[in-house]
Amino acid sequence: MNVVNLAGDLADAVPAGATAETVTEVQHYTDDLFRFRMTRPASFRFRSGEFVMIGLMVGEKPVFRAYSIASPSWDEELEFFSIKVPDGPLTQHLQKIKVGDKVLMKKKPTGTLVNDALISGKRLYMFSTGTGFAPFASLIRDPETYEKFEEVIVTHSCRFVAELAYSQQTVAATREDPLIGELAAGQLRLFTSTTREPHEHTGRITTLIENGDLFRALGVPPLDPETDRAMICGSMAMLKDTKALLEAAGLTEGANNRPAEFVIERAFVG
Ligand code: A2P
């Protein structure tokens with residue numbers, strides 16, 4: 001199949017309810033992971049942590065998938081963090097985009113990984129695996145996150161060290177950011193682990209929660225529903241297992257219309 005109109009005039013081909021945005025930056029991390037930035041329609045509003053449908057014309061047809069927006073709501077552009085699946089209907093094409101190409105976006109953001117879905121607390125954990133870090137790349141750059149929580153701990157676990165590059169780079173840049181750098185420097189912590197090669201910390205995040213190694217490494221008390229809140233984003237299996245551990249610690253799941261102690265979103269594109 002050929003991707004048509006990647007760089008060309010998409011005006012006639014833009015499906016109803018979508019806009020065609022221009023790619024402004026592409027960075028590849030590994031054979032499996034990349035991020036890109038694109039223009040943001042002036043009228044497009046979203047809450048940090050939400051996702052949208054993005055896509056490409058593949059032949060005559062638009063192919064859309066849900067993507068967490070990785071940039072914060074105040075950013076002039078939109079950023080996304082993506083996996084590359086060799087035969088993935090969208091990502092086999094999306095991984096080839098270049099600056100100046102067009103990407104389609106539907107204008108309705110949604111999602112549960114938003115500050116509004118949590119009740120206030122002392123400490124916010126954001127547990128992620130793989131591309132599940134994307135919504136947290138947005139939330140850690142939003143001042144509201146630091147107004148609501150004294151301490152923000154984002155965890156990113158991957159198979160290999162090279163897959164941690166995006167979270168490490170984003171957290172480092174956030175600490176230097178003129179708008180939120182000062183807040184982040186005092187309140188944001190990143191914990192990374194790998195499962196298939198040596199690193200400072202190794203093991204699945206679920207194992208490290210269960211055996212207490214996570215809390216010992218951070219120098220914080222074990223999970224406590226009085227003080228701790230959490231957001232989870234990863235594969236279905238990771239969500240299920242992490243949720244079970246949070247519930248065992250006494251935290252309850254919330255939603256936009258029913259804020260509580262933790263919320264979940266699956267990392268969509270696999
Ligand atoms: P592992 O290497 O032990 O499978 P994937 O790319 O398969 O989504 O995995 C991303 C990371 O999530 C890997 O480090 C993987 O560990 C881990 N992982 C996979 N399944 C689970 C699970 N059920 N709970 C926690 N972590 C998981």
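Pro221 is listed as a side-chain neighbour of Arg123, based on a closest heavy-atom distance under 4.5 Å. Two residues are said to be in side-chain contact when any heavy atoms from C-beta on lie closer than 4.5 Å; Glu76 and Thr39 fail this criterion. Counting heavy atoms from C-beta on, the side chains of Leu104 and Pro15 come closer than 4.5 Å. Between Ser71 and Phe80 there is no side-chain heavy-atom pair separated by less than 4.5 Å. Taking 4.5 Å as the limit, every side-chain heavy atom of Val52 sits out of range of all side-chain heavy atoms of Lys108. Side-chain atoms of Gln92 and Val85, non-hydrogen and from C-beta on, never get closer than 4.5 Å to each other. Residues Tyr166 and Gln27 form no side-chain contact, since every pair of their non-hydrogen atoms from C-beta on lies 4.5 Å or further apart. Contact annotation: the side chain of Ile209 approaches that of Thr242 to within less than 4.5 Å [non-hydrogen atoms, C-beta and beyond].
Cation-pi geometry between Lys106 and Phe64 is satisfied (NZ or CZ under 6.0 Å from the ring centre, within 45° of the ring normal).
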Item to check | Check against side chain to side chain donor-acceptor pair (under 3.5 Å), Thr145 and Glu147 | outcome: CA-CA 6 Å; Thr145 307; Glu147 281 159 24; over 6 Å; no

Show, in sequence, the C-alpha distance, side-chain angles and deciding distance for Glu261 and Thr252, and conclude whether the side chain to side chain donor-acceptor pair (under 3.5 Å) test is met. CA-CA 5 Å; Glu261 285 134 11; Thr252 47; 3.1 Å; yes

Candidate pair Leu223 and Leu246, rule side chain to side chain contact (heavy atoms under 4.5 Å, CB included), full reasoning: CA-CA 8 Å; Leu223 289 172; Leu246 296 186; 3.4 Å; yes

Before giving the answer on side chain to side chain contact (heavy atoms under 4.5 Å, CB included), spell out for Thr206 and Met238 the whole-Å C-alpha distance, their side-chain angles and the decisive distance to 0.1 Å.
CA-CA 8 Å; Thr206 41; Met238 179 273 192; 5.5 Å; no

After noting the C-alpha distance and the side-chain angles of Asn256 and Arg47, does the key distance pass the side chain to side chain donor-acceptor pair (under 3.5 Å) rule?
CA-CA 12 Å; Asn256 272 286; Arg47 293 181 294 172; 2.7 Å; yes

Note to self: For Met231 and Asn115: C-alpha separation, side-chain torsions, deciding distance, then whether side chain to side chain contact (heavy atoms under 4.5 Å, CB included) applies.
What the structure shows: CA-CA 9 Å; Met231 296 180 174; Asn115 282 317; 4.1 Å; yes

### Message
Using side chain to side chain contact (heavy atoms under 4.5 Å, CB included), reason through Ser48 and Val114 one step at a time and then give a plain yes or no.
### Response
CA-CA 6 Å; Ser48 296; Val114 290; over 6 Å; no

**Working for side chain to side chain donor-acceptor pair (under 3.5 Å), residues Tyr125 and Arg229** = CA-CA 6 Å; Tyr125 285 95; Arg229 307 291 171 256; over 6 Å; no

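Between Pro89 and Val58, the shortest heavy-atom contact is O-CG2, 4.4 Å. Considering all non-hydrogen atoms of both residues, Gly234 and Thr129 come closest at CA-OG1, 3.4 Å. Minimum interatomic distance between Val14 and Ala20 (heavy atoms only, all atoms of both residues): CG2-CB, 3.8 Å. In plain terms, the two heavy atoms of Tyr146 and Ile140 that are nearest each other are OH-O, 2.6 Å. Between Leu94 and Ser82 the shortest heavy-atom distance is CD2-OG, 4.2 Å.
No side-chain donor-acceptor contact under 3.5 Å links Glu50 and Thr110. No hydrogens or angles considered: nothing links the side chains of Thr19 and Lys107 as a donor-acceptor pair under 3.5 Å.
Using modelled atom types, no side-chain atom of Thr195 and backbone atom of Gly203 make a donor-acceptor pair closer than 3.5 Å. Counting only distance, with no hydrogens or angles, the side chain of Glu77 and the backbone of Arg37 share no donor-acceptor pair below 3.5 Å. The main-chain N or O of Glu197 is found under 3.5 Å from a side-chain atom of Thr194 such that the two form a donor-acceptor pair.
The line from CG of Leu113 to CZ of Phe262 is 12.0 Å long, rounded to the nearest 0.5 Å. Rounding to the nearest 0.5 angstrom, the gap separating the CD1 atom in Ile54 from the CE atom in Met38 is 5.5 Å. Remark: Leu139 CG to Arg141 CZ distance equals 10.5 Å, nearest 0.5 Å. Separation of atoms CD (Glu79) and OG (Ser68) is listed at 12.0 Å; rounding is to 0.5 Å. The structure places CZ of Phe149 at 10.0 Å from CG of Asp228, a figure rounded to the nearest 0.5 Å. Distance CG/Leu78 to CZ/Phe44: 6.0 Å, rounded to 0.5 Å.
There is no path of hydrophobic side-chain contacts, each under 4.5 Å, that joins Leu245 to Leu124. Residues Leu208 and Val220 share a hydrophobic cluster, clusters being chains of Ile/Leu/Val/Met/Phe/Trp/Tyr side chains in contact below 4.5 Å. A continuous path of hydrophobic side-chain contacts links Leu214 to Leu239 [ILVMFWY only; heavy atoms under 4.5 Å]. Phe215 and Leu190 fall into different hydrophobic clusters, defined by Ile, Leu, Val, Met, Phe, Trp and Tyr side-chain heavy atoms under 4.5 Å apart, directly or through other members. Hydrophobic clustering, with ILVMFWY side chains joined whenever heavy atoms are under 4.5 angstrom apart, groups Phe34 together with Val103.
Taking the salt bridge (Lys or Arg N to Asp or Glu O under 4.0 Å) definition, one finds that Arg40 meets it with nothing, sequence neighbours left out.
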Distance-only donor-acceptor hits, side chain of residues 152-162, under 3.5 Å, sequence neighbours excluded:
residue	atom	partner	partner atom	Å
His156	ND1	Ser167	OG	2.8
His156	NE2	Gly130	O	2.8
Ser157	OG	Ser193	OG	2.8

Show me the side-chain donor-acceptor pairs of residues 171-179 shorter than 3.5 Å, one per line, residues at least two apart or across chains.
residue	atom	partner	partner atom	Å
Thr174	OG1	Thr170	O	2.6
Arg175	NH2	Leu188	O	3.1
Asp177	OD1	Leu179	N	2.7
Asp177	OD1	Ile180	N	3.1

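Looking at Lys148 and Glu144, no side-chain N of the basic residue comes within less than 4.0 Å of a carboxylate O on the acidic one, giving no salt bridge. Electrostatic pairing of Lys98 and Asp101 does not count as a salt bridge here, judged by no charged N lying under 4.0 Å from a carboxylate O. A salt bridge links Glu151 and Arg189; the closest N-O separation between the charged side-chain nitrogens and carboxylate oxygens is under 4.0 Å. For Arg35 and Glu25, the salt-bridge test passes: some basic side-chain N is under 4.0 Å from an acidic carboxylate O. Between Lys84 and Asp32, no side-chain nitrogen of the basic residue sits less than 4.0 Å from a carboxylate oxygen of the acidic one, so the salt-bridge criterion is not met.
In summary, the aromatic rings of Phe51 and Tyr67 are positioned with their centroids too far apart to meet the 6.0 Å limit. Side-chain rings of Phe133 and Phe81 stay apart, their centers remaining 6.0 Å or farther from each other.
Within 6.0 Å of CD in Glu182 there are 12 or fewer heavy atoms belonging to other residues, nucleotides or ligands.
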